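Bear in mind that the values here come from a model prediction, so they are computed numbers and not experimental data. No hydrogens, no waters, no symmetry mates; every other heavy atom, side chains included, goes into these values.
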Amino acid sequence: QVQLVEFGGGLVQPGGSLTLSCAASGFTFQHYGIGWFRQAPGKEREGVALITKLDSPTYYGDSVKGRFTISRDNAKSTAYLQMNDLKPEDTAIYYCARYYLYGGSTTWNIPGAYDYWGQGTQVTVSS
């Protein structure tokens, strides 16, 4: 069955860095885009980034552009989210998900465009 498992969350100080991993199984990884979302307490789930199945283009939310980088390793069926210059407002549960549509420019940050989700990993940015 399709599974997505996130790794790498934790506690980091403001200005620090963290890399999240999303290990996929149960499907042909290189045939799908992979996205990252996050959800903070009391807030809606927010699209963070999408990497399409051909690695390009990639999409980022305005609040993370220039600080976060999404990548993938098809040989390992794993996607990554490199997060730099972390801020307290980045604190959230981070989820990876499988993007099942084509294109991406108008749908990448819509949760309904994703059909399978991981269980999430907590990222806390605090001094």
Side-chain angles (χ1 to χ4, degrees):
Q1 70 277 24
V2 173
Q3 279 195 316
L4 298 166
V5 181
E6 301 94 341
F7 298 96
L11 174 65
V12 62
Q13 292 187 341
S17 298
L18 209 57
T19 299
L20 304 182
S21 301
C22 172
S25 61
F27 65 100
T28 306
F29 184 73
Q30 57 262 40
H31 289 179
Y32 291 86
I34 298 294
W36 287 94
F37 282 73
R38 67 186 181 185
Q39 189 163 21
K43 294 190 176 181
E44 291 188 355
R45 193 164 293 196
E46 173 191 12
V48 175
L50 167 70
I51 185 164
T52 53
K53 61 182 179 180
L54 297 177
D55 287 6
S56 178
T58 54
Y59 300 92
Y60 294 93
D62 288 342
S63 61
V64 306
K65 279 180 184 175
R67 300 188 298 122
F68 290 13
T69 302
I70 191 170
S71 62
R72 64 190 297 160
D73 184 337
N74 289 337
K76 296 182 178 179
S77 296
T78 300
Y80 304 94
L81 186 69
Q82 172 69 41
M83 305 185 293
N84 297 326
D85 189 23
L86 283 161
K87 306 175 186 299
E89 51 265 40
D90 294 317
T91 295
I93 299 175
Y94 283 71
Y95 301 89
C96 66
R98 189 177 79 169
Y99 180 77
Y100 72 93
L101 298 180
Y102 296 100
S105 60
T106 58
T107 59
W108 76 269
N109 59 347
I110 300 174
Y114 298 79
D115 55 358
Y116 288 92
W117 294 76
Q119 82 289 347
T121 185
Q122 176 70 48
V123 172
T124 302
V125 184
S126 174
S127 55

At their closest point, which heavy atom of Ala49 faces which heavy atom of Tyr60, and how far apart are they?
CB-CD2, 3.7 Å

Can you name the residues that form a side-chain hydrogen bond (donor to acceptor under 3.5 Å, both in side chains) with Ser25, not counting sequence neighbours?
none

Report the hydrophobic cluster partners of Tyr80, with the cluster defined as I, L, V, M, F, W, Y residues connected by side-chain heavy atoms closer than 4.5 angstrom, directly or transitively.
none

I need the Leu4 CG to Ile34 CD1 distance, nearest 0.5 Å.
5.5 Å

CD1 on Ile93 to CD on Gln39, rounded to 0.5 Å:
7.0 Å

How far does OH of Tyr94 sit from CG of Leu81, to the nearest 0.5 angstrom?
7.5 Å

Distance-only donor-acceptor pairs under 3.5 Å for side chains of residues 117-127, two or more places apart:
from: Gln119; atom 1: NE2; to: Glu6; atom 2: OE1; distance (Å): 3.4
from: Thr121; atom 1: OG1; to: Gly9; atom 2: N; distance (Å): 3.2
from: Gln122; atom 1: NE2; to: Ala92; atom 2: O; distance (Å): 3.4
from: Gln122; atom 1: NE2; to: Thr124; atom 2: OG1; distance (Å): 3.3

Say you draw a straight line from CD1 of Ile70 to CD of Gln82; how long is it, rounded to the nearest 0.5 Å?
12.0 Å

Can you confirm whether Glu44 is buried at CD, in the sense that more than 12 heavy atoms of other residues, nucleotides or ligands lie under 6.0 Å from that atom?
no

Excluding sequence neighbours, so at least two apart, what forms side chain to side chain contact (heavy atoms under 4.5 Å, CB included) with Thr28?
Gln30, His31

Can you name the residues that form a salt bridge (charged side-chain N to carboxylate O under 4.0 Å, His left out) with Lys76, not counting sequence neighbours?
none

Keeping to residues at least two apart or across chains, list the disulfide (SG to SG under 2.5 Å) pairs with something in residues 43-72.
none

With under 30° as parallel and over 60° as perpendicular, where do the rings of Tyr32 and Phe27 fit, or are they tilted in between?
perpendicular

Partners of Thr58 by side-chain hydrogen bond (donor to acceptor under 3.5 Å, both in side chains), sequence neighbours excluded?
none

Going by the rule salt bridge (charged side-chain N to carboxylate O under 4.0 Å, His left out), which residues pair with Lys43 if we only count those two or more places apart in sequence or in a different chain?
none

Could you walk me through whether Phe7 and Thr19 pass side-chain contact (heavy atoms from CB on, under 4.5 Å), step by step?
CA-CA 9 Å; Phe7 298 96; Thr19 299; over 6 Å; no

Any chain of hydrophobic side-chain contacts (each under 4.5 Å) joining Leu11 to Leu86?
no

For a quick test of reading the model, state the closest non-hydrogen atom pair linking Thr78 to Ser21 and the distance between them.
CG2-CB, 4.2 Å

Could you tell me which residues satisfy side-chain hydrogen bond (donor to acceptor under 3.5 Å, both in side chains) with Asp90, sequence neighbours excluded, listed by chain and number?
Arg38, Arg67

With a 4.5 Å cut-off on side-chain heavy atoms, are Thr52 and Tyr59 touching?
yes

Minimum heavy-atom distance between Phe29 and Ala24, given as atom pair plus value
CD1-CB, 3.5 Å

Just how far is it from atom OH of Tyr99 to atom CD1 of Ile110, taken to the nearest 0.5 Å?
8.0 Å

Just grab all the disulfide (SG to SG under 2.5 Å) pairs involving residues 21-113, residues at least two apart or on different chains.
Cys22-Cys96

Are any of the side-chain heavy atoms of Phe37 and Leu50 separated by less than 4.5 Å?
no

Across all chains, not counting sequence neighbours, the salt bridge (charged side-chain N to carboxylate O under 4.0 Å, His left out) partners of Asp73 are none

If every non-hydrogen atom of Arg72 is compared with every non-hydrogen atom of Gly33, which pair is closest and at what distance?
NH1-CA, 3.9 Å

Set of side-chain hydrogen bond (donor to acceptor under 3.5 Å, both in side chains) partners for Tyr114, sequence neighbours left out:
none

